[in-house]
Number of protein chains: 4
Amino acid sequence: MLKTKIVGATGYGGLGIIDLILQHPEFELTTLVARESVGEKISDVYPHLNGFCDLPILAADDPLAESYADVVIYATPDRVGMTMAQADLKKGAKIIDYSGDFRFTTEDAYADYATRIGKAPDHAAPFLLGQNAYGLAELHRDEIKNANIVGNPGCFACSCILGMAPAVGNALVEPFSIICDCKTGVSGAGKKVNPAFHYPARYEQMNAYKLAGHQHVCEVEHELSLLSNEEIRITFTAQVVPICRGILSTLYGSLTKSISEADVLEIYKEFFKESPFVRVFNSTTPMGTMNVRGTNFCNLVISVDERVNRLRIVSHIDNLMKGQAGSALQNMNLMFNIPETTGLNRPGMYP
Amino acid sequence: MLKTKIVGATGYGGLGIIDLILQHPEFELTTLVARESVGEKISDVYPHLNGFCDLPILAADDPLAESYADVVIYATPDRVGMTMAQADLKKGAKIIDYSGDFRFTTEDAYADYATRIGKAPDHAAPFLLGQNAYGLAELHRDEIKNANIVGNPGCFACSCILGMAPAVGNALVEPFSIICDCKTGVSGAGKKVNPAFHYPARYEQMNAYKLAGHQHVCEVEHELSLLSNEEIRITFTAQVVPICRGILSTLYGSLTKSISEADVLEIYKEFFKESPFVRVFNSTTPMGTMNVRGTNFCNLVISVDERVNRLRIVSHIDNLMKGQAGSALQNMNLMFNIPETTGLNRPGMYP
Amino acid sequence: MLKTKIVGATGYGGLGIIDLILQHPEFELTTLVARESVGEKISDVYPHLNGFCDLPILAADDPLAESYADVVIYATPDRVGMTMAQADLKKGAKIIDYSGDFRFTTEDAYADYATRIGKAPDHAAPFLLGQNAYGLAELHRDEIKNANIVGNPGCFACSCILGMAPAVGNALVEPFSIICDCKTGVSGAGKKVNPAFHYPARYEQMNAYKLAGHQHVCEVEHELSLLSNEEIRITFTAQVVPICRGILSTLYGSLTKSISEADVLEIYKEFFKESPFVRVFNSTTPMGTMNVRGTNFCNLVISVDERVNRLRIVSHIDNLMKGQAGSALQNMNLMFNIPETTGLNRPGMYP
Amino acid sequence: MLKTKIVGATGYGGLGIIDLILQHPEFELTTLVARESVGEKISDVYPHLNGFCDLPILAADDPLAESYADVVIYATPDRVGMTMAQADLKKGAKIIDYSGDFRFTTEDAYADYATRIGKAPDHAAPFLLGQNAYGLAELHRDEIKNANIVGNPGCFACSCILGMAPAVGNALVEPFSIICDCKTGVSGAGKKVNPAFHYPARYEQMNAYKLAGHQHVCEVEHELSLLSNEEIRITFTAQVVPICRGILSTLYGSLTKSISEADVLEIYKEFFKESPFVRVFNSTTPMGTMNVRGTNFCNLVISVDERVNRLRIVSHIDNLMKGQAGSALQNMNLMFNIPETTGLNRPGMYP
């Protein structure tokens, strides 16, 4: 069994990967680290884990937290993983990081990202860039297999990049025409209390936020530009609706030529033919976020608005699964040469 | 007091105008007609009305339903109002119709609408077209004052037209570039049960629907084209999220020239300076559908994505108020020369 | 117009009375005091108030906060009102207090309450006890009319006392047999964020809490004992469910004699015949908390389980209205000799 | 692999056992029968099953529906299983029935049940009574192992019986003093649309229903009376709240003697020491229905109200799991000599 350490174990991102590893035949949980609830058991924080995972929560500087792990998952904010990863790597661990720290493979690309979100442009461990891969298996499967560090995608970014990659990769859409209108459930904001997510303030509320710029824009543009032979710029709108799990991203792009929905559908199916977690549907298939809740699937509905020659893709994921812990496990499988769907091949919970 | 008759009184649209008229100083409810629950009191159907409105529900052919009314409100589907309105008009009533029947003032425009939604192109009362006005007071205040019949706007349409009118009227956006990404609460689908709105199937579900074309597209294009000197075509996406009341429409258009958010804001404020129910905000104002719940306001948030020279407007309404009964009462006020805000000037319920 | 000052204006309790006073013909808002958001406008905290109430939020020690008010409402926790009320009274104001501070009219009764909830037993202003009344108009209408200070009931307490008062007052139930099984919406916990009310942790959660004893037990027992000629002791269970507004309290008591549902119904109707906000229904009437949402009504459903000779009352209120601000306004009306239903006679919002 | 046939496969009860069997190592789904959606695939009805279970839905009289199965699950209303079971038994199948048909083992007991819920008192297959067992493993483990037919418990009944069994079995409570105040999520009402479960009518609604008598009362009294040496009669209140999954039953009984919470806790732990799915907690443990969502656990919180010498048990289950499909699988495991927790040993989904 491969030993797994989670840093930031008490947030929803940590919990997600705990839940998945508990059902995985090759990984086992050995070390949980967090800043909150140190000394408690994880099942004190999340009582549903009672009897399933009762590991103690350790401080980062607890000697027990130093125990060997085959894989270390940083379910932490920006600039945590980049300062700690080297120590893990030296002990032979592989790294998954949930933040923006390892989503870019050059100092320049990182600096561009950090600057756009108002953070310091310098990466704390520039010598590690190059050992890392962007953790979207559908685009970077081989790099992930060979990487020591994987920068797990942002949840919105995952839904947008998968939805637009075939179109951009096949030069179907104008490079500055892409609009990503994204709606997320509240769990996307994590476990931390916030007046905007207090039940009475949220149950009947939907709203857009961060209109000036969301931290996931940069990686979407970066990945789509890599697939294109031109710079891609997107307009991105982040919105929150009162569901717990789910992202629905409605993606638009002006078509570079006249093409039928059926032909686009074929291009998308071809693009994802080796990707078991992406499913492509035509525009008349009933579809919603509950179809992917609790799963690692990304369901894409393809439509073409022929009156204005515009492509529209509706992308559905569970933000805590394909948008976070599910992708993390998919990446871990690839990094350790385990079949990609292991521990992820399940239909989800309904209703 | 002005006598008010409601046809289709038992749906959410009928209920909405009942609730408003109960608090209005000039209108009084005198006749309720519906196909369901005939013989019951309206307060049997909606117990919260107990003691406030206990009128009986009459069948359309009940002689009592023929009593004189100053205004008749058709809270009914397409093709009901157009077949019944003439009889009311002859008795001297003015008409509000919630359906598409009177949203267009020429036979051709109606035929275009009906054809696009797969209905018979012929209007049942073409001789009435010309006496009617499109019931969006912010654009057609004077026509409404002088009309015998008002075609109340569709809920989505209301949010989109108000959001884009100043931009289109000032030629700020390219005519085929407009995208309306619209999300509605479940009450927009009305009172009728449906597997898609069964609580367990909906509480964690968001989804797009009618990707091939929604019935409100035609009136949005029609109204925006009237404001422009060119034909406007939009891409429209209808989506449902698990809230009860509220529409959030995110509207995009490619700018025809470089212009700052501040300048667009001024143009919008100027456009709506005589319209008490439209409020305009800059892109950093916190805003959501709960800010307009239970009110007749349309709150517009203005932003410009300068990197791609695109305008983005986030439009917020309560679909049952400004999107339906609120606009209806606003129109009734205008038709009877009552101050426009009478009975509508209230902050809504929070939380 | 009667000048109204609210201390604790930024919580849900303060907001509730603001919303009501805005629609009241005799009271006007003049002063808002709070500890948070000082210097902001109340409409910055609650944007739906924009244009309806834009008063500044003052610190308690701001000289402007000292302005004369005819009535001061303490929407504050225990031990705030009791330390500040005397200053208001000296200036001629009447007082409404939302906390437990003035729910008991003797030092001993207060000490009993305070001790049971683990607080200091001494009242800070014992000389004011005797000028105060328990603010449940249906039981203490005359005392309220003559009181300078009214202790507004707890939300759970209001639902339980109204539900059991006729039975206890008519000696229908055994004094130690009463069980109050109470379920509240989340707004009952107020505006303050809390991990238990974070949307993802609450949307599918219902739970009991404070099994060892809830702060409202004491006033329920106190009021029911006053109505009885024996000491009443209850078993009380507080539970939270994921709705925003509403309390449903299911109340049980062993009948002292065999009596039919119809006869109990008559006793209840007689008891509340002068109380416009209490409505009594038989056991086959469909009923739920949405029937009273946004209103000051308490709807009571009467049933008798003849197989075991037990009375069961299902009591429905809106916890923010009859359970808080609605009762406060009802009491203010009485204190100022205004008709009891003024500003409260409305059906609520549906759906 | 044991072949499994489900009759009534398209309801939530059918879906629940499909989801469980898909993850079970010994059972496999072979035949799905229903009255609706015949000819479609089950994954057309429940798209999340796409690729996991794509079996066709057969009519009951389809020859393919006659194929051999080791176990047949009747996820059907009363009086379906009793008319069809004999044919299955003759072919050697074992039977699980979700309805009241096989919850009683004598004609008299069945007649009593049927009469109380207003149905015909005659059992359609009285010769099968005696081969059946009541499917609550914690009370009838051995009978279930040896039964050909298991009558799966009602969801409310399961929560009440488990919560009161140790108290009644140890004569701790007065036989006519038990009150079951039960709250269920909406999924308990099944998949069928209903105005009461239409999203806008439910999201803010909680209500009691069937005050005159619920169909689960009879089995609760029957099972508890079996455990006692006296007749047990309960007062039972069914209530619905806007969550999807979960039952919280608050159970009360007058203690026959003075006993501490700690002592009751020991009695409960002893009673369930061989029952892996029942967990017992003291009254200060934070607990709610989300702690058991998606699991087969029943979590019981014990408290004693010493002031009135009353026992209070708060019982938590997932109505679709321990309350239905989970118990069904637990019973199937027992009937086929498979370890009781197989396929059920999982923590559930959070958040």
Side-chain angles (χ1 to χ4, degrees), chain C residues 176-179 181 183-185 196 198-209 211-213 217 221 233-237 239-248 250 252 254 261 282-291 293 301-303 305 307-310 312 314 316 349-351, chain D residues 176-179 181 183-185 196 198-209 211-213 217 221 233-237 239-248 250 252 254 261 282-291 293 301-303 305 307-310 312 314 316 349-351:
Chain C
F176 280 24
S177 75
I178 297 174
I179 294 171
D181 190 281
K183 307 94 190 173
T184 185
H198 188 50
Y199 187 89
R202 174 53 56 185
Y203 78 114
E204 270 283 275
Q205 173 79 318
M206 61 178 153
N207 66 290
Y209 67 102
L211 291 176
V217 173
E221 292 184 345
R233 288 189 188 170
I234 64 168
T235 293
F236 181 95
T237 309
Q239 292 152 105
V240 190
V241 302
I243 69 173
C244 178
R245 286 170 179 256
I247 283 176
L248 184 145
T250 312
Y252 304 90
S254 298
E261 179 184 310
N282 70 23
S283 67
T284 59
T285 311
M287 185 62 60
T289 52
M290 274 185 95
N291 295 35
R293 191 170 63 131
V301 172
I302 312 299
S303 71
D305 186 347
R307 295 173 67 245
V308 292
N309 209 34
R310 183 172 286 125
R312 172 177 51 191
V314 188
H316 309 72
M349 187 169 84
Y350 186 93
Chain D
F176 280 24
S177 75
I178 297 174
I179 294 172
D181 191 281
K183 305 95 189 172
T184 184
H198 187 50
Y199 188 89
R202 174 52 56 184
Y203 78 114
E204 270 282 276
Q205 172 79 319
M206 61 179 153
N207 66 292
Y209 66 102
L211 291 177
V217 173
E221 291 185 345
R233 288 189 189 170
I234 65 168
T235 293
F236 180 95
T237 308
Q239 292 152 106
V240 190
V241 302
I243 68 172
C244 179
R245 287 169 178 255
I247 283 176
L248 183 145
T250 313
Y252 305 91
S254 298
E261 179 184 308
N282 70 23
S283 66
T284 59
T285 311
M287 184 63 60
T289 53
M290 274 186 96
N291 295 37
R293 191 170 63 131
V301 172
I302 313 300
S303 70
D305 186 348
R307 294 174 67 245
V308 291
N309 209 34
R310 183 172 287 126
R312 173 175 51 191
V314 189
H316 309 72
M349 187 169 84
Y350 188 94

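All chains are named by letter (A, B, ...) in the order of the sequence lines, taking the proteins before the strands, and each is independently numbered beginning at 1.
Summarising the geometry of C:Gln239 relative to D:Thr250, their closest heavy-atom pair is OE1-OG1, 2.8 Å, with the distance given to 0.1 Å. In terms of heavy atoms, C:Met206 sits closest to D:Val241 at SD-CG2, 3.6 Å. Looking at every heavy atom in both residues, D:Asn207 comes nearest to C:Gly288 through CB-CA, 3.7 Å. Taking both residues in full, the closest heavy atoms of D:Pro351 and C:Pro200 are given as CB-O, 3.7 Å, listed atom of the first, atom of the second, then distance. Nearest heavy atom pair, residue C:Ser283 against residue D:Leu211, reads O-CD1, 3.8 Å. Between C:Ile243 and D:Pro242, the shortest heavy-atom distance links the atoms CG2-CG, 3.0 Å.
For the options C:Arg202, C:His316, C:Arg293, heavy-atom pairs under 4.5 Å to chain D are most numerous at C:Arg293. The candidate with the highest count of non-hydrogen atom pairs below 4.5 Å against chain C, out of D:Thr237, D:Val301, D:Asn291, is D:Thr237. Put simply, of D:Cys244, D:Ser254, D:Ser303, the one with the most heavy-atom pairs under 4.5 Å next to chain C is D:Cys244. Counting heavy-atom pairs closer than 4.5 Å to chain C, the top-ranked of the candidates D:Thr289, D:Asp305, D:Val314 is D:Thr289.
Proximity to chain C involves both the backbone and the side chain of D:Tyr203, based on heavy atoms less than 4.5 angstrom apart. Contacts of D:Ile302 with chain C are absent, with no heavy-atom separation under 4.5 Å from either backbone or side chain. The parts of C:Arg245 that come within reach of chain D are both its backbone and its side chain, each placing non-hydrogen atoms under 4.5 angstrom from that chain. With a 4.5 angstrom heavy-atom cutoff, D:Thr285 does not touch chain C via any of its atoms.
The structure places CD1 of C:Ile179 at 3.5 Å from CD1 of D:Ile179, a figure rounded to the nearest 0.5 Å.
Ion pair C:Arg312/D:Asp181 not flagged as a salt bridge, since none of the NZ, NE, NH1 or NH2 atoms sits closer than 4.0 Å to an Asp/Glu carboxylate oxygen.
At distances below 3.5 Å, at least one donor-acceptor pair connects side-chain atoms of D:Arg233 with backbone N or O atoms of C:Arg307. Put simply, the side chain of C:Glu204 never gets that close to the backbone of D:Met290: no donor and acceptor are under 3.5 Å apart. In this structure, the side chain of D:Arg310 engages the main chain of C:Phe176 through a donor-acceptor pair within 3.5 Å.
Side-chain atoms of C:Thr235 and D:Tyr252, non-hydrogen and from C-beta on, do get closer than 4.5 Å to each other.
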